[in-house]
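These notes concern the structure reproduced below.
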Amino acid sequence: MRIGELLKKGHFSISFEFFPPKTPEGEEELFQTIRSLQDLQPTFVSVTYGAGGSTRDRTRRVVERIHKETNLTVMAHLTCIAHSREELLEILREYRDMGIQNILALRGDLPKDDFRKPDGGCSYAHELVSLIRENFGDWFSVGVASYPEGHPESPNMEWEIRFFKKKVEAGSDFSITQMFFENRYYFEFLELCQKAGINIPIVPGIMPITNFRQVQKFASMCGATIPQSLIERLEPYAENPEETLKIGVEFAVEQCLDLIENGVPGLHFYTLNKSRATLLVYEGIKGALKA
Ligand code: FAD
C-alpha cells in the first residue's frame, strides 16, 4: 500500500515510528510493542536508519519481519549521506524485491569528523528522491522530512522552504515533520508551504514526553522549542517517571486534539519503541478521530 496515495485520498493517517534495536532481546521487546500497537490498526509504521549506514542490516531485518509477520504497512527510512550511489540502489532493490513500497528519503546528520561523500553519492535528500524516481519510477511512495521550526542548518525559513520545495519537485509525495510542541509553528509552516506552491500532505510528528531530560536533549539537538509553561510543569517531576508520563500524555492529547480540529492529514508518533504513552494518547484522542 502506498502511503502517498492513501493520504491523497483523504485517509486520516495514524503511524508509529520505531528504531532497530541493537540486541535480540531489544528486538523481541520491539515486537511486543508492535503487537500491542497493532490493535490500533495504524495506517503504517516506520523503521529508522542510522545516518552512517550503521543500522543497514538491522533496519532491513526489522522492516522485513514487520512486513512478513504482521499485516502492517511498513515504511523504511533511508539516509543517503554515507552511501555510494550503487549502495543506495542495492538497498532500494532489496526493499523492492521484498515488496516494500514506502521509503522515507533522508540525508541524515552530517558526520562530525573529516567527511568525504562517497563517489556518486547524494549530498542532500532531494538527490535521493530523484535517484529513487529515476530508477524505480512509481514503485515507491517517497516521503521526506520537514521542519516547522527550520532545520538546524537552515539560516532562515525562506531557505528552509526553498530546499523543502526541491524535495517535493524531485518527486516526494508526502512529508512527516520533526517533533514540535507548539502547534503554531506547524500552522505557520503550512502557510509558508502553501504560499510556495507546496501541496503534498504534511503529517505532524508527535513525541509524547516520558522522560524530561531526554526530551530536552532531543529537542535541543533538532531545534524544537519546548514551551516554558511545559518545562515548568515537567521540571519538578524530572525524577518521577509516572508523573512525567501523566503530564506528557496530557500535553500530547491536547496538542493532537487541536491538530485534528484544524484538519491535519494524520499523526505520526515517535514511540521510542515503547507502547504505553502512545496507547494512552490514542485513548485520549480516539473520540475525535471517529467524529
Ligand atoms: P535535507 O532535506 O537534505 O536538508 C538538510 C539541510 O540542507 C537543510 O538545512 C536544507 O535546507 C539544506 N539543503 C537541502 N538541499 C540543499 C542544497 N541543494 N543546497 C544547500 N542546502 C541544502 N535521521 C537518521 O539518521 N535516521 C532516520 O531514520 C531519521 N528519520 C527522520 C524522520 C523524520 C520524520 C525527521 C523529521 C528526521 C529524521 N532524521 C533521521 C533526521 C534527519 O536525517 C536530519 O535532520 C538531517 O540532518 C537532515 O536530513 P533531511 O533529509 O531533512 O536533509
Side-chain angles (χ1 to χ4, degrees), residues 3 7 13 15-21 44-56 58-60 62-63 74-83 88 91 95 102-112 115 117 121-132 141-181 185-186 189 192-193 196 198 200-207 217-224 264-273:
I3 296 163
L7 286 166
S13 167
S15 51
F16 305 128
E17 180 171 311
F18 308 115
F19 61 85
F44 68 96
V45 298
S46 78
V47 184
T48 64
Y49 192 83
S54 56
T55 69
R56 177 173 171 172
R58 282 189 274 134
T59 298
R60 187 189 44 210
V62 172
V63 166
V74 56
M75 172 171 78
H77 295 209
L78 177 58
T79 63
C80 59
I81 193 68
H83 286 305
L88 291 168
I91 295 166
Y95 282 133
N102 300 288
I103 299 287
L104 191 70
L106 300 147
R107 183 198 69 182
D109 286 332
L110 294 173
K112 287 196 179 67
F115 175 70
K117 184 178 70 132
C122 300
S123 301
Y124 295 104
H126 65 81
E127 296 171 25
L128 177 59
V129 178
S130 299
L131 185 81
I132 298 174
S141 174
V142 183
V144 288
S146 51
Y147 302 85
E149 296 181 63
H151 183 276
E153 287 167 41
S154 298
N156 52 50
M157 286 311 284
E158 197 186 321
W159 175 287
E160 186 64 43
I161 296 290
R162 178 170 153 215
F163 289 110
F164 179 45
K165 191 168 180 183
K166 254 179 130 47
K167 297 198 269 198
V168 179
E169 287 169 346
S172 60
D173 41 21
F174 69 100
S175 175
I176 299 175
T177 75
Q178 185 57 276
M179 61 174 164
F180 58 90
F181 300 96
Y185 289 116
Y186 172 82
F189 181 68
L192 292 175
C193 288
I198 297 170
I200 59 169
I202 299 174
V203 178
I206 304 295
M207 167 82 86
K217 197 171 134 205
F218 286 168
S220 83
M221 270 161 35
C222 71
V264 291
L267 295 167
H268 181 76
F269 290 95
Y270 295 107
T271 69
L272 302 178
N273 288 7

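Small disclaimer: the values here were computed from a predicted structure and weren't measured. Just so you know, ligand 1 is whichever comes first in the structure, and atom 1 is the first atom listed for that ligand.
In this structure, the side chains of L272 and M207 come closer than 4.5 Å at one or more pairs of heavy atoms. The closest side-chain heavy-atom distance from I176 to M75 is below 4.5 Å. Between T48 and T55, every side-chain heavy-atom pair lies at or beyond the 4.5 Å cut-off. Between P265 and I202, every side-chain heavy-atom pair lies at or beyond the 4.5 Å cut-off. For the pair L192/E160, no side-chain contact is recorded, criterion being any heavy-atom separation below 4.5 Å from C-beta on. The side-chain heavy atoms of F218 and Q178, taken from C-beta on, include no pair separated by under 4.5 Å.
In terms of protein heavy-atom proximity, atom 8 (C) of ligand 1 is closest to S154 OG, 3.6 Å. Atom 35 (C) of ligand 1 has as its closest protein heavy atom A145 CB, 3.6 Å. Among protein heavy atoms, atom 29 (C) of ligand 1 sits closest to L106 CD1, 3.4 Å. The protein heavy-atom contact nearest to atom 22 (C) of ligand 1 is Y124 CE2, 3.3 Å. The nearest heavy-atom contact from the protein to atom 32 (C) of ligand 1 is L104 CD2, 3.5 Å. Nearest protein heavy-atom neighbour of atom 27 (C) of ligand 1: Y49 O, 3.4 Å. If you check which protein heavy atom lies closest to atom 12 (C) of ligand 1, you get W159 NE1, 3.9 Å. Atom 44 (C) of ligand 1 has as its closest protein heavy atom D109 OD1, 3.3 Å.
H77 is linked by a ring pair (Phe, Tyr, Trp, His ring centres under 6.0 Å) to nothing, counting only residues two or more places apart in sequence or in another chain.
An N or O contact shorter than 3.5 Å is missing between S146 and ligand 1 by distance. The shortest N or O to N or O distance between H151 and ligand 1 is under 3.5 Å. Any N or O atom pair closer than 3.5 Å counts here, and E17 shares no such pair with ligand 1.
The aromatic rings of F16 and F269 are tilted relative to each other, their planes meeting at an angle between 30° and 60°.
The number of heavy-atom neighbours closer than 6.0 Å to CD of E153, taken from other residues, nucleotides and ligands shown, is above 12.
At least one heavy atom of G108 sits less than 4.0 Å from an atom of ligand 1. Assignment of Y147 to the shell around ligand 1 is supported, since a heavy atom sits closer than 4.0 Å.
Contacts between K167 and ligand 1, counted as non-hydrogen atom pairs separated by less than 4.0 Å, involve the side chain only. At a heavy-atom cutoff of 4.0 Å, ligand 1 is contacted by the side chain of Y270 but not by its backbone. Here H268 has no heavy atoms under 4.0 Å from ligand 1, in either its backbone or its side chain. Looking at R107 against ligand 1, both its backbone and its side chain come within 4.0 Å, counting heavy atoms.
Test V142, L106, I91 against L78 for side-chain contact (heavy atoms from CB on, under 4.5 Å) and you get one pass: I91.
Aromatic ring centres of F189 and F164: separated by under 6.0 Å. The aromatic ring centres of Y185 and F180 sit 6.0 Å or more apart.
For ligand 1 and T79, the ligand atoms under 4.0 Å from any heavy atom of the residue are 24 (C), 25 (O), 26 (N). Atoms of ligand 1 lying under 4.0 Å from at least one heavy atom of H126, given by number and element, are 15 (N), 17 (C), 18 (N).
Remark: atom 4 (O) of ligand 1 lies closer than 4.0 Å to no protein heavy atom.
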